[in-house]
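Structure first, commentary second.
Bear in mind that the values here come from a model prediction, so they are computed numbers and not experimental data. Just so we're on the same page: letters track the sequence lines, and every chain starts at 1. Hydrogens, waters and symmetry mates are skipped; everything else that's a heavy atom, side chains included, is used.
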Amino acid sequence: MKTLRDLFRDYRFAFSFGVLVIIVVMAILSIFSPYDPTLWNVVPKDLKPSAEHWLGTDSNGQDIFWQATFAVRNSLIISLIAGLVSRVIAILVGMIAGYQGGMVDRVLMFVGDSLLVIPLFLIMVMLAMLVRQYMNLVILGLMLSFFGWAWDARVIRSMILSLRERDFTKTAILSGTGTVKLVLNEYMPFAMPLIFSTLINNIAWAIGLEITLAILGLVNLNVPTLGTMLNWALFYQSILLGRWWWILTPVVLSLFLFIALYWMSVSISEYLDPRTRIQRVGAS
Amino acid sequence: MAFVKRYLIPRLIQYFLVIWLGITVVFLIPRLTPNDPIMRVIGELRGRGSTLEPGAMDGIIRDLTQLYGLEGSWLDQYWAFWGRLFRGDLGVSFFQFPARVNQLIAVAMPWTLGLLLTTTAISWIVGNIIGGLAGYYSRKSWSRILDAIAMVVRPLPYYIFAFALLLLFAYVVRWFPITGGASLGAVPTFTWAYIKDVLWHSFLPALSLCVLGGAVTFQTMKLIVQNVNAENFVQYAKMGGVTEDRIVGKYVIRNAVLPQITGLALSIGQIFSGALITEIVYGYPGLGMLLYRAIVNGDYNLIMGITLFSIIAITTAILIVDLTYPLFDPRVRYK
């Protein structure tokens, strides 16, 4: 509880928490949507925002507010799959590399560093071109997770490297604790906050890539996400035709989402780093 | 000699290994995915309503099979793939037949290269200077304002940011052309008029890249300088009466810029992808636009060519940045 109270003293954390709560509520609202998001022409086309259609309607004959709730939900699903699965890979790679050291460490870190260097976006485009007809939320999430672990594996590895040198490691090994148990019971609690902060960054990264791939038309455009909403709005020239309510909905939602996720991760990692915490919250 | 042995040779080995890994991944992707790229191309050709005689179709399939190097075992294919790469042969573009992928890339590349080099240089240098000053004078109000701006700009993906700028300059203030690389019908010449035209058109894409890249450099530099500030030698210099300008310019920024060089090397891949996306937003005629057209047309061979080319270009750029490191850090030179 004290941790949370300290965190909320940072205006950035409070802001991002608020924004994220609103966005998650929006995603949950999609359950109550009166319209099926995959059907077209369920409402009159191109209406301005009104009491009946809060954010207006689009040229496909869909209600933009309810469409946005599905978009937010699906974007969150993709990025959560990507974030969680890549966390598992990052933790495994980071811990094995950090704990084993030697040749294993060098090979794993080489693969990870290469992933950082290679233009992943282009590799992802190649993959998406080939699996376009099988593309769904889960496959897209897994695809992103497969490439999104490298940086965080490096971060976790360096943490394990420093933990390995601490006295309690030697005590545990000498008293006969197994490697697996040592890593899970002793190291994980230290690594958890760090892993959480990398998870937030990874979620933002996944949402951003989904938008990019969707704009290039490489995902299933009938499933509403922030990216596909933007794609449709661009496809129907909503800027030229002055349908600002349509194009602005996904743009504004993603702007807030990205800023909120970034501020939250910055605020958490500053909190985790005691030097900056003392500057802001004061010693406790 | 020690420098060559301990720094240069391991770095070169790493360079070739990364290229090998990247190209192998590109080789494996079409072979591990459930789709046969040849049947896809044929399917799309048919979908466009081009009616072909059965004989002609067989001919096309044979050509494509050879082009993709899909004959023989995987190992044979792998050798053939590398053989073609060494000859610098990336095959033909399917939808701009018979243009070769090499030629298409060669036409688009100077645009991307010019945009990337200038924006990366500007954003890195300006970001470091401003970030360094803001870190040194971190209690001044202008430093805080810049920090707040960076906090908002930094998390935005290239696409969203470029798009927001586009909306602003297309509808609110119409100062700059919002699409294209030069005026329609302008002939590329080395005249001031043409160069001015190109610069004018590339202003918005360059601004997007500079602001986003600069925000990252600014933030990291500010953080590093704040840490360097706390070090003993800075305190000592202050007590010894060295002027502030001299401390910042000669000691603090010089020390802080070292990790920034590594940071630049690490982020070149991202900057490159970002530039491709920004080009698409502004219709700037570089590799990004070429990629976009390739995606829209389902031109798999062209996408593969762009990817292979980019892997080699990016790893080489990173190598060059890494090799300049000893120029800045005497410790690496003499060890």
Surrounding [atom1] of [X] (heavy atoms of other residues, nucleotides or ligands, distance under 6.0 Å), is the total greater than 12?
{"X": "A:F17", "atom1": "CZ", "result": "no"}
{"X": "B:Y137", "atom1": "OH", "result": "yes"}
{"X": "A:F15", "atom1": "CZ", "result": "yes"}
{"X": "A:F256", "atom1": "CZ", "result": "no"}

**Request:** Pull out the residues in residues 269-276 of chain B that come under 4.5 Å of chain A, heavy atom to heavy atom, sorted by number.
**Result:** B:G269, B:F272, B:S273, B:L276
Is [X] in contact with chain B via its backbone, its side chain, both, or neither, using a 4.5 Å heavy-atom distance?
{"X": "A:L127", "result": "both"}
{"X": "A:W244", "result": "neither"}
{"X": "A:I247", "result": "side chain"}

**Non-hydrogen atoms of A:M126 and B:Y300 that approach each other most closely** = CE-OH, 3.1 Å
**Item:** Taking every non-hydrogen atom, the tightest pair across A:Y262 and B:Q219
**Value:** OH-OE1, 2.9 Å
**Item:** Partner set under side chain to side chain donor-acceptor pair (under 3.5 Å) for A:D113, not counting sequence neighbours
**Value:** A:R154
**Request:** Give me the one residue out of B:T307, B:I306, B:I295 that meets side chain to side chain contact (heavy atoms under 4.5 Å, CB included) with A:V125.
**Result:** B:I295
So which part of [X] gets closer than 4.5 Å to some heavy atom of chain A, the side chain, the backbone, both or neither?
{"X": "B:I19", "result": "neither"}
{"X": "B:I311", "result": "both"}
{"X": "B:V25", "result": "side chain"}
{"X": "B:F163", "result": "side chain"}

If I take atom [atom1] from residue [X] and atom [atom2] from residue [Y], how far apart are they, to the nearest 0.5 angstrom?
{"X": "B:I303", "Y": "A:L122", "atom1": "CD1", "atom2": "CG", "result": "9.0 Å"}
{"X": "B:L266", "Y": "A:W151", "atom1": "CG", "atom2": "CH2", "result": "5.5 Å"}
{"X": "A:M124", "Y": "B:I29", "atom1": "CE", "atom2": "CD1", "result": "10.0 Å"}
{"X": "A:S254", "Y": "B:L156", "atom1": "OG", "atom2": "CG", "result": "9.0 Å"}
{"X": "B:M151", "Y": "A:S267", "atom1": "CE", "atom2": "OG", "result": "8.5 Å"}
{"X": "B:S310", "Y": "A:I118", "atom1": "OG", "atom2": "CD1", "result": "11.5 Å"}

**Item:** Per-residue contacts, residues 207-232 of chain A versus chain B, heavy atoms under 4.5 Å
**Value:** A:G208, A:I211, A:T212, A:I215, A:L216, A:L218, A:L230
**Request:** May I have the step-by-step check of side-chain contact (heavy atoms from CB on, under 4.5 Å) for B:V152 and A:F258, ending in yes or no?
**Result:** CA-CA 9 Å; B:V152 173; A:F258 284 116; over 6 Å; no
**Request:** Applying salt bridge (Lys or Arg N to Asp or Glu O under 4.0 Å), name anything that partners A:D58, two or more places apart in sequence or on another chain.
**Result:** none
